[in-house]
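Worksheet: the structure to be examined is printed underneath.
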Amino acid sequence: MDKSELHKKFVKLGQEKSHISHQLLALLPEIFEKSVFLDYGCGSIYEYAARFGDGLSAGVVDKVLKLKENLSECPSLFETVATQGVHKVAIIASLANSKTEKELVEVVKNMSKDAVQEYSKVKRGKKVRIMTKIEMDEEMEFLFLKLKKKLKTVSNKETMKRLLQAMDRQLFPEEKVSGDGGVVKKITRYIPKAKKRELYQETLGRCAYDGCNRPIDTLHHTDGYSKTKNHNNVVGLCEIHHQFAHNGIDRPLVKMDLLYRRYRQRALVAG
Ligand SMILES: [Zn+2]
Ligand SMILES: [Zn+2]
């Protein structure tokens, strides 16, 4: 087997493994309700799950039983546990009711776990703010303090800001020329250089979603390129808000979104 075959085989087995664990967990509530475990010499569902479910932990058994109870009015959302796993579905369980169920099924099926997490926060009215803390090792601390002294800055925060701004200019001067900020362009059609540069200068490479502070991962056509055949409606989005854009969050779904969903599924399978 060459390296790429070895990798593909590993990825495929990894996906099959998680697929099987999702299905295994989805069966537990029915086994519990029908007390199947008593017929097979187990005193509890936990003992049964550990013995016949390849060592399933009590924690995960609890999680799936509780989720089933919380989603008793939303059976089609619970069904997604068999394909998406208990942890991903549990993230949005508190938002579920007969009115939201249909949308939540689509969200869970078509968005990554990170995007589902952020969707849940937005829907619960929580402000999404990334707080980045960095722990420095001894060498980093020395370099930092040395630069702080040279810059004559008063606070650590101010020092860090000055350093990051200088690094951005010095390490990536080519962004000012190509103008796409090193954006991954795999799913966007060809966009003229001048347009990219304009967009990058306007946004400084920041995601266009209101209040988002992450850098742009992809350039997205808000109306779908196939419809307008121009690049006037291109926006830069981070990976999570790109998923928001293609899953009808804040606006209705268009044909382009269905193509994107298929693309995303294929990309996940291909690794
Ligand atoms: Zn897009
Ligand atoms: Zn964003």
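A quick note: this is a predicted structure, and the numbers were derived from the prediction, not measured. As the structure lists them, so they are numbered: ligands from 1, and atoms in each ligand from 1.
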So that I know where these two stand, are His7 and Phe10 an aromatic pair - ring centroids less than 6.0 Å apart? no
For the Zn ion (ligand 1), the closest N/O/S atom belonging to His242: NE2
Apex the Zn ion (ligand 2) - arms SG from Cys207 and SG from Cys238 - angle rounded to 10°: 110°
Looking at Lys102 and Glu106, is there a salt bridge between them, counting it only when a charged N and a carboxylate O are closer than 4.0 Å? no
Atom name of the N, O or S atom of His220 nearest to the Zn ion (ligand 1) is ND1
Need the atom name: nearest N/O/S atom of His241 to the Zn ion (ligand 2). ND1
Would you mind reporting whether Lys113 and Ile91 have side-chain heavy atoms less than 4.5 Å apart? yes
State plainly whether one hydrophobic cluster holds both Leu38 and Val36, where clusters connect Ile, Leu, Val, Met, Phe, Trp and Tyr through side-chain heavy atoms under 4.5 angstrom apart. yes
Can the ring centres of His220 and His246 be said to be less than 6.0 Å apart? yes
The Zn ion (ligand 1) to His246: any N/O/S contact under 2.8 Å? yes
